[in-house]
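Owing to the predicted nature of the structure, the values given are computational and were not obtained by experimental measurement. As the structure lists them, so they are numbered: ligands from 1, and atoms in each ligand from 1. Side-chain atoms are counted along with the backbone in the values below, which use heavy atoms only and exclude waters and symmetry mates.
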Amino acid sequence: MSITDEGEYGKKQIDTLEMIWGEGYLSPGGVSEIDLILNDKSLKNKKILDIGCGCGSAAFHFIKNHSPNYVLGVDVEEMVIKRANALKSNLIEKKKVDFKVIQPGELPFDDLSFDVIFSKDTFLHILDKERLVEDLYRVLKPGGFLCVGDWMRIDDNAPSKLMQEYIKLEGLSMNMCSLQRYGNALYNAGFKNIKLTDRNKWYLNLAKKELNDLSTIYKEKLIKILGIEDAEGTINIWKKMIEVLEKGEHRPGHFYAEKRT
Ligand SMILES: C[S@@+](CC[C@H](N)C(=O)[O-])C[C@H]1O[C@@H](n2cnc3c(N)ncnc32)[C@H](O)[C@@H]1O
């Protein structure tokens, strides 16, 4: 079973994930996780590209709390961009953000277009990491930087049977690679000051709390969104996810790198 409906991130998926992770969030950790990924870098007056912006959580946080010049959020799913644009109506500085649907593949932007690239829990959906990282280097301005959170795996061997079972339950295209593979791709593309951070323990503990909430305080709402069968299926996804987190194969984390001047 999977809670994907229209596309991989349709209405049911969005409603479920926002219930667990908060309005506009399709990934865990809220503003504190976004700020951690930023690696203490200032976004003041920067032009930012958020790849896989989902429903706009990071873009809204940047505009309210980090004074960027402009944020462009892009995503391949129509439904999430629709939701991001709906949430944008609550924002005071509306001119500072746009959300657009793009096609998967090469980024549709000129070379040297952005000061900062941000992305959270999206690159796992993209297969060719090396090509992606080269493209990030291309669209960043000299001296620009990237801050990326992602769901990764312990290594780049074939996923274990348990991991395959988990991915099948999720029903999403999950092409997770190791943190080190990103490290190598960043280095080979020409990035400097590369920092790689593993967050397996943090998410393992949070996921256990999420499972408890799904089975108790969120259960009624979950059934309302998904129906009883898919609600049980979602709880099973969380149980399986905790198994792969506990085994150490599923490794959320983040990385930072700078383009040379
Ligand atoms: C787990 S969600 C995270 C969304 C958002 N970053 C957040 O933290 O709430 C992953 C997002 O990546 C998007 N996505 C998948 N493949 C993509 C691609 N090739 N380019 C851009 N976005 C993509 C999905 O549509 C989805 O909105």
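- Of the N and O atoms on the side chains of K120 and S57, not one donor lies less than 3.5 Å from an acceptor on the other residue.
- A distance below 6.0 Å separates the ring centres of H125 and Y9.
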Validation: residues 216-226 side-chain donor-acceptor distances under 3.5 Å, sequence neighbours left out:
{"unit_1": "T216", "atom_1": "OG1", "unit_2": "N212", "atom_2": "O", "d": "2.7"}
{"unit_1": "K219", "atom_1": "NZ", "unit_2": "E232", "atom_2": "OE2", "d": "3.2"}

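- For the pair K209 and D213, the salt-bridge criterion is met [side-chain N within less than 4.0 Å of a carboxylate O].
- Within the 3.5 Å criterion, the main-chain N or O of D115 finds no donor-acceptor partner in the side chain of K141.
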For a distance cut-off of 3.5 Å, show me each N or O of ligand 1 paired with any protein N or O, plus the separation.
{"unit_1": "ligand 1", "atom_1": "6 (N)", "unit_2": "G52", "atom_2": "O", "d": "2.7"}
{"unit_1": "ligand 1", "atom_1": "6 (N)", "unit_2": "K120", "atom_2": "O", "d": "2.9"}
{"unit_1": "ligand 1", "atom_1": "8 (O)", "unit_2": "S27", "atom_2": "OG", "d": "2.6"}
{"unit_1": "ligand 1", "atom_1": "9 (O)", "unit_2": "L26", "atom_2": "N", "d": "2.8"}
{"unit_1": "ligand 1", "atom_1": "12 (O)", "unit_2": "T122", "atom_2": "OG1", "d": "3.2"}
{"unit_1": "ligand 1", "atom_1": "25 (O)", "unit_2": "D75", "atom_2": "OD1", "d": "2.5"}
{"unit_1": "ligand 1", "atom_1": "27 (O)", "unit_2": "D75", "atom_2": "OD1", "d": "3.4"}
{"unit_1": "ligand 1", "atom_1": "27 (O)", "unit_2": "D75", "atom_2": "OD2", "d": "2.6"}

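- Below 30°, between 30° and 60°, or above 60°: for Y182 and F123 the angle between ring planes is between 30° and 60°, a tilted geometry.
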